[in-house]
A.B. asks: 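Please read through the structure below; I'll follow up with questions.
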There are 2 protein chains.
Amino acid sequence: MMLTAAEENYLKAIYHLSDEGRKSVSTNDIAAEMKTKPASVSDMLRKLAEKEVINYRKYYGVNITPEGKKLALQTIRKHRLWEVFLVDKLNFAWDEVHEVAEELEHIQSPLLIQRLDAFLNYPKFDPHGDPIPDEFGDVRARPRIALNEMEINQAGQIVAVKDSSAAFLRYMDKVGAYIGARVKILDKVEFDGSVEILVDQKKSIFMSKDVASNILAIQS
Amino acid sequence: MMLTAAEENYLKAIYHLSDEGRKSVSTNDIAAEMKTKPASVSDMLRKLAEKEVINYRKYYGVNITPEGKKLALQTIRKHRLWEVFLVDKLNFAWDEVHEVAEELEHIQSPLLIQRLDAFLNYPKFDPHGDPIPDEFGDVRARPRIALNEMEINQAGQIVAVKDSSAAFLRYMDKVGAYIGARVKILDKVEFDGSVEILVDQKKSIFMSKDVASNILAIQS
DNA sequence: AAATAAAATTAGATATATCTAAAAAATAAT
DNA sequence: ATTATTTTTTAGATATATCTAATTTTATTT
């Protein structure tokens with residue numbers, strides 16, 4: 001099954017939207033995600049349905065098929081491998097890579113991706129902390145680590161808190177930490193285990209070991 | 001000035017054909033080079049002329065403009081840098097890189113090319129021995145001579161092949177000739193123009209004039 | 001349940017890139 | 001200098017991907 005670049009982009013969008021717990025994805029949602037018009041989406045859905053990568057019932061939104069999911073994951077794999085390449089090898093900042101990876105992901109060459117994967121030492125996560133599917137589309141469960149257990153200079157993304165009491169969440173809010181925040185360990189104080197972290201590459205915050213051990217991140 | 005991938009490919013073809021000593025390049029020549037139909041070429045020439053990258057007088061062929069030449073050289077630069085990447089970093093064989101580089105060359109990101117160039121240590125020649133234009137389009141060309149035109153006992157180094165089809169590259173591989181090989185002309189048969197050459201001071205190989213004329217060397 | 005609002009689709013355009021078949025222009029041959 | 005041949009261009013299709021405007025279908029409100 002061969003998809004055009006546009007089809008790959010739509011399928012990726014549908015995959016991402018499906019992944020947010022919806023039972024089906026609407027035309028308008030896809031249009032918003034793709035920054036395009038609903039009319040264009042309708043046209044494309046017909047094409048994707050013909051290729052059997054989505055199930056499409058007019059006026060009732062779409063579901064991705066197993067074949068579609070496999071293809072979407074392959075595109076995501078390519079995108080994230082290229083992002084690793086751009087950051088690790090070409091010294092791009094991690095917020096500069098998306099647009100270029102968006103182009104590179106459509107290069108059609110299984111051998112290229114296989115070799116790139118090896119060259120990058122089979123990375124499991126991209127620079128944003130998102131997992132890289134393997135060549136079969138399998139995604140590794142994200143190993144979580146408490147902030148106080150991360151090494152200095154290690155970057156990651158906050159994905160959960162152990163203590164989800166209102167008090168703790170208020171604290172999170174107050175210091176500007178939140179689920180999804182990109183973090184980097186700036187310093188660790190040996191004496192008391194407190195840590196200094198950089199949030200979203202701009203805000204530096206201090207927290208006690210106790211607090212840090214309640215915040216879970218995935219490492220980049 | 002922004003060109004589409006198709007326009008870049010046509011412009012590159014016109015540049016290459018121009019470089020063969022013609023005063024102007026014909027529609028048929030371009031169609032042959034691009035493996036497309038003359039009618040398609042006519043359409044594209046109109047577009048390229050509108051963008052002022054070629055001078056086009058109907059029925060009389062085209063010339064590339066200075067601006068067109070600059071753009072063609074930029075595309076060639078990207079293509080050849082990617083080829084170096086594929087061979088040096090991803091361990092592609094030098095005869096496997098063309099098709100992939102043909103896709104990669106159309107990625108639009110000046111920063112990417114700048115960084116790639118640095119990562120590859122500013123290479124001056126691609127794996128086929130062809131020079132890589134700098135960012136201003138300047139090319140450091142080496143005077144090259146076909147093996148069948150070298151004198152007996154003349155020594156040199158293979159730097160490029162004219163015909164880089166997979167079939168020819170496989171042949172090269174099979175007989176033990178390769179880009180970078182040291183060669184010396186042992187004998188030339190006047191009757192059919194075939195030549196005998198010594199490769200790397202040990203292996204003697206025999207090749208027809210046809211083959212020899214496709215292999216380019218710099219003379220020592 | 002009828003009226004209204006929202007969402008989705010179709011109809012009809014535009015732009016790119018290609019093709020075949022027909023026409024026009026340039027070149028070659030008698 | 002006509003005629004024939006080759007080359008090139010145009011006219012008209014097809015396919016992709018997008019748009020606006022109009023229409024249809026579904027969902028919501030009264």
Side-chain angles (χ1 to χ4, degrees), chain A residues 1-14 17-18 20 22-64 68 71-72 75 102-103 105-108, chain B residues 1-14 17-18 20 22-64 68 71-72 75 102-103 105-108:
Chain A
M1 174 82 301
M2 260 296 279
L3 300 179
T4 65
E7 287 167 345
E8 279 186 347
N9 285 334
Y10 272 95
L11 196 58
K12 217 173 28 141
I14 293 166
L17 291 168
S18 303
E20 286 168 16
R22 292 170 176 76
K23 41 181 168 291
S24 83
V25 179
S26 75
T27 299
N28 266 1
D29 289 343
I30 299 166
E33 177 84 7
M34 296 289 297
K35 294 185 169 77
T36 184
K37 295 291 179 297
S40 309
V41 176
S42 286
D43 285 344
M44 184 55 88
L45 293 184
R46 197 181 29 73
K47 280 190 266 183
L48 291 176
E50 256 165 41
K51 295 197 170 186
E52 298 180 315
V53 294
I54 59 171
N55 291 126
Y56 175 40
R57 216 183 110 215
K58 278 199 273 196
Y59 296 101
Y60 288 91
V62 300
N63 288 115
I64 199 160
L71 290 171
T75 305
E102 205 63 27
E103 290 192 56
E105 74 187 7
H106 300 299
I107 304 290
Q108 299 289 357
Chain B
M1 175 81 299
M2 260 296 279
L3 299 180
T4 66
E7 287 168 344
E8 279 187 346
N9 285 334
Y10 272 94
L11 197 56
K12 220 176 24 147
I14 293 166
L17 291 168
S18 303
E20 287 168 13
R22 292 171 175 76
K23 42 181 168 294
S24 84
V25 180
S26 75
T27 298
N28 266 1
D29 289 343
I30 298 165
E33 177 84 7
M34 296 288 297
K35 295 184 169 73
T36 185
K37 295 291 179 298
S40 309
V41 175
S42 285
D43 285 346
M44 184 55 87
L45 294 184
R46 198 180 29 72
K47 281 190 265 181
L48 292 175
E50 256 165 40
K51 295 197 170 187
E52 297 182 314
V53 294
I54 58 170
N55 291 125
Y56 175 41
R57 218 185 108 215
K58 278 199 277 198
Y59 295 102
Y60 290 92
V62 299
N63 289 114
I64 200 160
L71 291 171
T75 305
E102 204 64 26
E103 289 192 57
E105 74 186 9
H106 300 299
I107 305 290
Q108 298 289 356

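Chain A is the first sequence line, chain B the second, and so forth, proteins listed ahead of strands; every chain is numbered from 1. In this text, all values refer to a predicted model and were calculated from it rather than measured experimentally.
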A.B. asks: Check every atom of dC19(D), dA17(D), dA8(C) against the side chain of T27(A) and return the nucleotide holding the closest atom.
C.D. replies: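 So the side chain of T27(A) is nearest to dA8(C).
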A.B. asks: At what distance, to the nearest 0.5 angstrom, does CD1 of I30(A) lie from CD1 of I54(A)?
C.D. replies: 7.0 Å
A.B. asks: Among dA17(D), dA27(D), dT10(C), find the nucleotide with the atom closest to the side chain of S42(A).
C.D. replies: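 In terms of side-chain proximity for S42(A), the closest of dA17(D), dA27(D), dT10(C) is dT10(C).
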A.B. asks: Just verifying a value: how many Å separate K51(A) NZ and K47(A) NZ, rounded to the nearest 0.5 Å?
C.D. replies: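 The NZ atom of K51(A) sits 8.5 Å away from the NZ atom of K47(A).
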A.B. asks: Would you kindly give the CG-to-C1' distance between D29(A) and dA8(C), to the nearest whole Å?
C.D. replies: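 D29(A) atom CG is separated from dA8(C) atom C1' by 12 Å.
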A.B. asks: Between dT18(C) atom P and L45(B) atom CG, what is the distance in whole Å?
C.D. replies: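 About 12 Å, once rounded to whole Å.
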A.B. asks: dT10(C) P sits how many Å from M44(A) CE, rounded?
C.D. replies: 15 Å
A.B. asks: Taking only side-chain N and O atoms of Y10(B), does any of them lie within less than 4.0 angstrom of OP1 or OP2 on dT18(C)?
C.D. replies: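 Yes, because at least one side-chain N or O of Y10(B) sits under 4.0 Å from OP1 or OP2 of dT18(C).
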A.B. asks: Give a yes/no answer on whether the side chain of S40(A) brings an N or O atom under 4.0 Å of OP1 or OP2 in dT18(D).
C.D. replies: no
A.B. asks: Look up atom CD1 in I14(B) and atom CE in M34(B), then write down how far apart they are to the nearest 0.5 Å.
C.D. replies: 8.5 Å
A.B. asks: When you measure from the side-chain N and O atoms of T4(A) to the phosphate of dT16(D), is any distance below 4.0 Å, counting only OP1 and OP2?
C.D. replies: no
A.B. asks: State which of dT18(C), dA17(D), dT9(C) makes the closest approach to the side chain of A6(B).
C.D. replies: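 Given the options dT18(C), dA17(D), dT9(C), the side chain of A6(B) is closest to dT18(C).
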A.B. asks: When rounded to the nearest 0.5 angstrom, what distance separates OH in Y56(B) from OG1 in T27(B)?
C.D. replies: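 Reported to 0.5 Å precision, the distance equals 5.5 Å.
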A.B. asks: Which listed nucleotide (dT8(D), dT10(C), dT24(D)) is nearest to the side chain of Y59(A)?
C.D. replies: dT24(D)
A.B. asks: Measuring to OP1 and OP2 of dA17(D), would you say a side-chain N or O of K47(A) lies under 4.0 angstrom away?
C.D. replies: yes
A.B. asks: Grab the NZ-P distance between K51(A) and dA15(D) for me, whole Å please.
C.D. replies: 13 Å
A.B. asks: Can you work out whether A39(B) or R57(A) has the more 5'-proximal nearest nucleotide on DNA chain D?
C.D. replies: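 By nearest-heavy-atom nucleotide position, the 5'-most residue is A39(B).
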A.B. asks: So which one's nearest nucleotide on DNA chain D is more toward 5', R46(B) or A5(A)?
C.D. replies: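 The residue whose closest nucleotide sits nearer the 5' end is R46(B).
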A.B. asks: How many whole angstroms separate atom CD1 of I30(B) from atom P of dA17(C)?
C.D. replies: 15 Å
A.B. asks: Between atom CG in L3(A) and atom C1' in dA15(D), what is the gap in whole Å?
C.D. replies: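 These atoms are roughly 16 Å apart.
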A.B. asks: With K12(B) as reference, evaluate E102(B), E7(B), E33(B) under the salt bridge (charged side-chain N to carboxylate O under 4.0 Å, His left out) test and give the passing residue.
C.D. replies: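 Only match with K12(B) under salt bridge (charged side-chain N to carboxylate O under 4.0 Å, His left out): E102(B).
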A.B. asks: Grab the NZ-P distance between K37(B) and dT7(D) for me, whole Å please.
C.D. replies: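 Rounded to the whole Å, the gap is 15 Å.
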A.B. asks: Rounding to a whole Å, what distance do you find between D43(B):CG and dT8(D):C1'?
C.D. replies: 12 Å
A.B. asks: Taking the minimum atom-to-atom distance to the side chain of K58(A), which one of dT18(D), dT16(D), dT10(C) wins?
C.D. replies: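 Side chain of K58(A) sits closest to dT10(C).
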A.B. asks: So, is N28(B) near the phosphate of dT6(D), with a side-chain N or O under 4.0 Å from OP1 or OP2?
C.D. replies: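 The answer is no; no side-chain N or O of N28(B) sits under 4.0 Å from OP1 or OP2.
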